[in-house]
Amino acid sequence: MRYINKFGKSNHYNHWQRDKVDMEASRDFVYQKFCEYYRDPLTIIPAPILIGQREFGYLLFKERFMIRHKRFEGISSLRSMLNQTVPSDVYHSCAYYENPDFDMDKKGWLGADLVFDIDADHIPTSCNKIHDEFTCSKCGFTGRGITPEICPACEATKFETKTWPCELCIKSAREETVKLTDMLENDFGFSLDELHVFFSGHRGYHVHVENEAVRSLNAMARKEIVDYVTGLGLTILDKDAKEKRGKRATKKFNLHNFGWDKRLKVGMQNFLLNTTPEDLKDIGLTNNALLKNKEVIIKRCINDGRWDSIKGVSVQTWLKLAEHVKDLQSSKIDTVVTTDTHRLIRMNGTLHGKTGLKKVEFPAKNLQVFDPFTRAVAFKKGEVKVLVSDAPEFKLGGETLGPYKNETKELPVAAAVMLICKGRAKVAN
Ligand SMILES: [Zn+2]
Ligand SMILES: [Zn+2]
């Protein structure tokens with residue numbers, strides 16, 4: 001939309017100013033929709049348990065900074081804040097405090113929920129190279145796919161990111177969540193009812209364990225749980241495997257195995273049953289003996305519980321295979337969230353400022369069937385005309401929309417809000 005002035009030169013100042021006005025109008029539109037949501041008496045915002053012992057924080061729409069160390073005695077005082085302030089994002093602590101509104105060192109930590117965050121931002125998917133982009137805020141280096149922790153060009157750690165809550169990404173996050181809840185249920189012994197599972201409102205899921213048994217766990221104990229879930233430090237081979245040439249080197253896996261032993265064994269069986277020479281090549285194995293003896297190996301894995309003593313299959317090959325199976329069986333959680341006992345986490349029932357979708361709770365057993373693109377939609381009425389710069393095909397509120405490229409479209413409000421929040425559209429005049 002370059003503006004040419006009467007001297008025939010493009011007028012950058014006006015172009016910039018026009019863009020700014022457009023952006024403000026779009027942000028106002030989103031703000032108005034958030035107002036309608038929070039001010040609607042029919043909007044359900046469930047109260048977190050022990051609300052008065054939690055710290056609350058929220059991000060302001062216009063000023064873009066975070067207000068922290070807030071305390072609410074009950075859901076009605078919290079709702080009146082939402083009603084008046086209308087933040088873009090709302091969080092509360094996983095922790096319980098004597099004085100949640102005091103400075104950090106004076107709060108008096110009483111305990112914290114055990115919280116897990118599974119986000120497509122941390123999972124390598126085949127599609128994130130297509131729809132995700134990052135730009136280093138310092139030097140402008142850009143790339144596609146997962147945002148690195150440090151800039152490869154200048155080592156800065158701040159990036160502008162452009163992501164998309166695509167169906168495939170959410171599906172991979174869901175698979176990681178299924179593995180996590182399976183571990184929490186079968187290896188840790190929580191009942192499914194004790195696990196609170198949420199769609200995050202963006203590209204992932206949260207799992208909260210709010211049970212008294214976990215409340216007093218310190219950061220070290222939580223790190224142990226994280227290591228278990230991610231399979232960090234798991235012993236796969238006998239530690240002296242290299243010296244034991246010719247002798248049996250792998251662990252023995254029994255039928256009554258439990259926890260990771262069982263996960264590795266079943267995972268190995270499933271992998272071998274379905275693997276192709278290409279899959280093996282992908283993990284750096286070109287060993288024909290593996291595929292040739294597939295039946296024998298699977299039988300031995302399950303009945304005999306031994307992975308070695310197969311002619312032509314070395315200890316190193318087993319190790320590579322087992323590492324790969326471990327990777328498939330582990331859950332790719334954001335490890336920092338679980339170990340931080342002062343973490344603020346998005347509040348259930350509030351809107352996500354990057355999408356306009358709600359954080360929603362649903363029963364753990366419904367993970368496979370819960371559809372965030374219908375159930376997390378907050379704005380169900382109306383249409384609005386927007387200029388979309390670019391968007392892939394997507395589903396929202398039961399409709400399939402896009403792809404769009406530099407076009408003006410009349411879209412359902414929920415879709416328009418999401419595109420504006422993602423920096424891919426602005427309200428058309
Ligand atoms: Zn850089
Ligand atoms: Zn994707």
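Read the numbers this way: they start at 1 and go in the same order the structure lists the ligands and their atoms.
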Exercise for review: Please indicate how many protein N/O/S atoms are found closer than 2.8 Å to the Zn ion (ligand 1), with waters neither displayed nor included.
Suggested key: 4

Study note, to complete from the structure: For residues 371-383, the side chain to side chain donor-acceptor pair (under 3.5 Å) pairs (sequence neighbours left out) are D371-T374

Point to revise | side chain to side chain donor-acceptor pair (under 3.5 Å) contacts touching residues 150-160 (sequence neighbours left out) | key: none

Check your understanding: Does the separation of the ring centres of F394 and F373 fall below 6.0 angstrom?
Key -> no

Point to revise | Test of ring centre spacing under 6.0 Å for H324 and F271 | key: yes

Review point. For the Zn ion (ligand 2), which protein N/O/S atoms are closer than 2.8 Å?
Key: C127 SG, H131 NE2, C166 SG, C169 SG

Point to revise | Working for salt bridge (Lys or Arg N to Asp or Glu O under 4.0 Å), residues E167 and K171 | key: CA-CA 6 Å; E167 244 183 308; K171 192 169 166 259; over 6 Å; no

**Study point:** Side chain W109, main chain T341, donor-acceptor under 3.5 Å
**Key:** yes

Review point. Is a side-chain donor-acceptor pair under 3.5 Å present for R79 with T43?
Key: no

Exercise for review: Apply the test side-chain contact (heavy atoms from CB on, under 4.5 Å) to residues D117 and I333: give CA-CA distance (whole Å), side-chain angles for both, the deciding distance (0.1 Å), then the verdict.
Suggested key: CA-CA 6 Å; D117 177 19; I333 57 172; over 6 Å; no

**Study point:** Check against salt bridge (Lys or Arg N to Asp or Glu O under 4.0 Å), E176 and K179
**Key:** CA-CA 5 Å; E176 299 304 318; K179 287 187 271 179; 3.2 Å; yes

